[in-house]
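In this chain, numbering begins with 1 at the start of the sequence shown.
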Amino acid sequence: MNSVPVPESLLPETTSPAAPDAAARQRLVDTHRPTLERAVETLRTRTHWSPYPEDPAAYGTDAEAEGERAFHALLDKPFPLDQPGRDGTVGPLPAEGGEVSPYGFGLGISYPHSDPEALLAGAEAAAGEWRQAGALVRAAVCLEILARINARSAEFAQAAMHTSGHGPVMGFHAGAVHAQDRGLEAVAAAYTEQTRLPARALWTKPLPSGEPCSMEKTFTPAGLGTALLVGNRIFPAWSGYAGLFASLATGNPVIVKPHPAAVLPLALTVAVARDVLTAAGFAPGLVALAAEHPGEGLARALAVRPEIRIVDFTGTTAFGRWLKDNARHAQLFTSTTAVNTVLIESTEHYAAMLDNLAFSLALYSGQLCTSPQNILIPRAGIRTDLGRKGHLDVVADLAAAVTRLLTDDAFACDLLGALCGPAEAASAELAASGALGPVVLAGRTVHHPRHPRATIRTPTLVALDAARPQDRAALAHARPGPVFFTVAVDSADDGIALLHTTATTAGSLSAGAWTASEQVEHAVTRACADAGVMLSLGMTGDWYLTQSAVYSDLHGTGANPASDHAFCDGAFVARRFRTVEVRRRV
């Protein structure tokens with residue numbers, strides 16, 4: 001019987017015949033080793049450092065304009081990505097899966113759709129040489145990918161703005177340089193864990209015969225297998241790079257399944273990664289894009305494949321639960337919906353506290369995974385440096401601080417960004433209507449001068465009372481968009497108990513407290529430690545409880561329902577590989 005020929009498009013990708021030799025890979029190691037060593041040391045000391053400047057001006061006076069031109073050059077045409085198994089196109093029209101900018105226009109970009117069988121085969125074929133390359137070479141290749149992405153940060157910022165609705169600063173930070181920091185952090189942690197054991201050791205034990213037994217032992221990290229990254233819309237790069245680079249650095253191929261509404265940031269990432277891998281002599285199939293047709297459910301189909309051994313996911317609680325029920329064969333790293341709480345008990349910096357909290361509420365329209373939602377204030381009021389303030393005074397002063405912050409529409413547009421989807425817009429409308437409770441501050445529509453079709457809303461503050469069962473129940477559910485609850489609680493102890501319950505049942509990624517009482521500080525610290533949620537105390541000035549400092553802060557703890565891991569600790573990378581020992585009698 002004659003065998004059926006396999007179409008060339010379904011054959012796994014292999015290394016180019018003109019692949020660079022070991023000397024070329026060594027040059028990558030020599031180039032990036034100082035950055036890797038600095039990152040490893042920074043993870044150990046938890047001090048401030050980053051190789052990726054936050055200021056766009058550091059990339060050249062024309063960098064922002066060039067980034068915008070590069071973004072517009074991608075619009076209304078096929079995305080340049082050559083992958084095996086192409087069997088169709090995703091997009092460019094919204095009905096075909098095409099992206100629509102939250103600023104009010106369709107991107108018109110079409111992406112290749114690949115047969116999952118070809119992507120899985122390509123990943124498997126590419127894995128062997130990648131694993132044999134060793135931890136240091138893999139780290140160097142990953143750092144080269146990040147360096148090339150960093151050089152295009154302004155373009156990546158535009159991609160973040162027009163898929164996730166970020167403002168310009170948020171786009172450049174979370175969509176570009178801070179995402180790169182997360183990737184490097186994961187590579188450094190992965191390298192640390194893979195080199196914890198020596199590569200080679202000589203073992204000698206005296207025996208009763210008087211002749212010692214000597215063995216040479218080698219310890220080699222081996223990746224688990226193909227990883228699946230399921231991207232989200234809010235922060236496809238920031239929340240995706242940790243898993244992508246942790247898996248790649250530990251020897252695993254990665255299939256990237258982006259959110260249908262935010263394909264571009266991860267498509268750009270995959271394209272850069274494949275170029276670097278090819279130039280370094282590795283098969284580009286180590287990283288592949290799995291864009292999906294509307295309603296295809298590709299993440300579900302891939303997650304249950306036995307070839308998939310690792311899954312990274314940030315998104316809805318419902319899909320996170322589905323993964324845990326159905327992808328039991330894989331190592332899962334899931335981060336889902338969080339309900340974050342702050343307690344205001346007392347403060348010696350009342351005005352600065354209000355300004356800091358107002359900024360935290362407004363930043364990216366409350367769409368950050370660390371944005372506070374429930375603001376707990378004792379009904380008897382609080383002590384401040386300006387005298388005692390009643391509960392209603394604090395609520396009114398917070399509303400005034402938010403209004404004052406967002407008076408200028410141009411500044412408000414940049415700070416708020418655009419609402420990323422219809423669910424966020426509907427939630428804002430519902431809250432402003434009074435359907436969720438008495439409205440303390442009604443959000444208003446802000447008109448963007450360059451993008452008149454963008455949906456931009458200022459925060460809505462709704463007053464609730466924890467003594468009412470229906471209000472207390474509402475606090476346990478995440479409300480999308482710029483909707484926040486000021487909550488009357490009986491006391492600081494009642495507020496701390498509510499914060500703890502919310503974190504342990506609904507899940508929290510961040511908590512905040514303002515208190516001048518050592519007793520209250522001790523109690524809230526203990527409650528957050530027990531609930532597994534990061535606590536920010538007494539935030540004032542230009543650092544906010546919504547921010548997470550890469551290489552220093554741990555994002556998530558894995559100790560409450562919001563996340564089963566932390567960016568980025570040893571457990572986040574160590575579960576992606578195993579160490580194989582070989583013993584030789586000397």
Would you check, one step at a time, whether the test side-chain contact (heavy atoms from CB on, under 4.5 Å) holds for Asp82 with Arg274? CA-CA 9 Å; Asp82 184 21; Arg274 290 170 66 85; 5.7 Å; no
Derivation of the side-chain contact (heavy atoms from CB on, under 4.5 Å) call for Val287 and Leu277: CA-CA 9 Å; Val287 180; Leu277 288 164; 3.9 Å; yes
Check against side-chain contact (heavy atoms from CB on, under 4.5 Å), Val272 and Arg152: CA-CA 10 Å; Val272 173; Arg152 298 169 61 179; 3.4 Å; yes
Check against side-chain contact (heavy atoms from CB on, under 4.5 Å), Trp130 and Leu248: CA-CA 9 Å; Trp130 182 243; Leu248 202 58; 3.8 Å; yes
Any chance you could lay out the side-chain hydrogen bond (donor to acceptor under 3.5 Å, both in side chains) test for Thr47 and Thr42, step after step, and finish with the verdict? CA-CA 6 Å; Thr47 53; Thr42 302; 4.6 Å; no
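Heavy-atom minimum distance, Ala189 versus Val573: O-CG2, 3.6 Å. For the pair Leu36 and Val187, the tightest heavy-atom approach, listed with the atom from each and the gap, is CD1-CG1, 4.3 Å. Residues Ala303 and His329 come closest through the heavy atom pair O-CE1, 3.0 Å. Of all heavy-atom pairs spanning Cys528 and Ala511, the tightest one is SG-CB, 3.9 Å. Summarising the geometry of Ser247 relative to Val254, their closest heavy-atom pair is CB-CG2, 3.8 Å, with the distance given to 0.1 Å. The minimum heavy-atom distance linking Ser548 with Trp238 is given by the pair CB-CZ2, 4.4 Å.
You'll find the side chain of Leu545 stays beyond 4.5 Å of the side chain of Asn340, heavy atoms only. In this structure, the side chains of His555 and Cys369 come closer than 4.5 Å at one or more pairs of heavy atoms. Using a 4.5 Å cut-off on side-chain heavy atoms (C-beta onward), Ser50 and Tyr551 make contact. By the 4.5 Å heavy-atom criterion applied to side chains, Ser552 and His48 are not counted as neighbours. Counting heavy atoms from C-beta on, the side chains of Glu193 and Phe577 come closer than 4.5 Å. Counting heavy atoms from C-beta on, the side chains of Leu107 and Leu74 never come closer than 4.5 Å. Residues Val256 and Thr269 are not in side-chain contact: their nearest non-hydrogen atoms beyond the backbone lie 4.5 Å or more apart. Cys420 places a side-chain heavy atom less than 4.5 Å from the side chain of Gln367.
Under the 3.5 Å distance criterion, the side-chain polar atoms of Gln83 are matched with a main-chain donor or acceptor of Leu289. Under a 3.5 Å cut-off, the side chain of Asp564 and the backbone N or O of Thr334 do form a donor-acceptor pair. With hydrogens and angles disregarded, no donor-acceptor distance shorter than 3.5 Å links the side chain of Asn356 to the backbone of Tyr544. When atom types are taken as modelled, the side chain of Asn150 and the backbone of Tyr52 share no donor-acceptor pair closer than 3.5 angstrom. In terms of modelled atom types and a separation under 3.5 Å, the side chain of His178 and the main chain of Glu54 share no donor-acceptor contact. The closest donor-acceptor contact from the side chain of Arg182 to the backbone of Val550 lies at 3.5 Å or more, if one exists at all. At least one donor-acceptor pair under 3.5 Å links the side chain of Ser164 to the backbone N or O of Arg233. Here the side chain of Thr250 pairs no donor or acceptor atom with the backbone of Ala190 at under 3.5 angstrom. Judged by distance alone, the side chain of Tyr364 and the main-chain N or O of Gly165 form no donor-acceptor pair under 3.5 Å. Side-chain atoms of Ser101 come within 3.5 Å of backbone N or O of Tyr103 as a donor-acceptor pair.
Residue-environment remark: CG (Asp542) stays at or below the threshold of 12 foreign heavy atoms within 6.0 Å. No more than 12 heavy atoms of other residues, nucleotides or ligands sit less than 6.0 Å from atom CD of Glu211. The number of heavy-atom neighbours closer than 6.0 Å to CD of Gln547, taken from other residues, nucleotides and ligands shown, is above 12. For Arg46, the CZ atom counts as densely surrounded, since its 6.0 Å shell holds more than 12 non-hydrogen atoms of other residues, nucleotides or ligands.
The line from OG of Ser536 to CG of Asp553 is 7.5 Å long, rounded to the nearest 0.5 Å. The distance from atom CG of Leu298 to atom NE2 of His113, rounded to the nearest 0.5 Å, is 6.0 Å. Atoms CD1 and CD1, on Ile255 and Ile310 in that order, are 12.0 Å from each other to the nearest 0.5 Å. Annotation: the span from Ile234 atom CD1 to Ser239 atom OG amounts to 9.5 Å, rounded to 0.5 Å. The structure places CG of Leu28 at 13.5 Å from CZ of Arg33, a figure rounded to the nearest 0.5 Å. Atom-to-atom distance recorded for Leu363:CG and Leu368:CG is 5.0 Å, nearest 0.5 angstrom.
Side-chain contact of Thr546 with Thr370: a donor-acceptor pair under 3.5 Å is absent, judged by distance alone.
A salt bridge links Glu117 to Arg305: one of the charged nitrogens lies within less than 4.0 Å of a carboxylate oxygen. Between Asp312 and Arg576, at least one side-chain N (NZ, or NE/NH1/NH2) sits under 4.0 Å from a carboxylate O, which counts as a salt bridge.
Both tests hold for Arg25 against Phe282: distance to the six-membered ring centre under 6.0 Å, angle to the ring axis within 45°.
Put simply, the residue from Arg131, Gln194, Arg196, Arg578 that forms a side chain to side chain contact (heavy atoms under 4.5 Å, CB included) with Pro221 is Gln194.
Aromatic pair Phe235/His166: centroids less than 6.0 angstrom apart.
Using bins of under 30°, 30° to 60° and over 60° for the plane-to-plane angle, the ring pair His565/Phe333 lands in the perpendicular bin. Between Tyr111 and Phe79, the ring planes lie tilted relative to each other; the angle falls in the 30° to 60° range.
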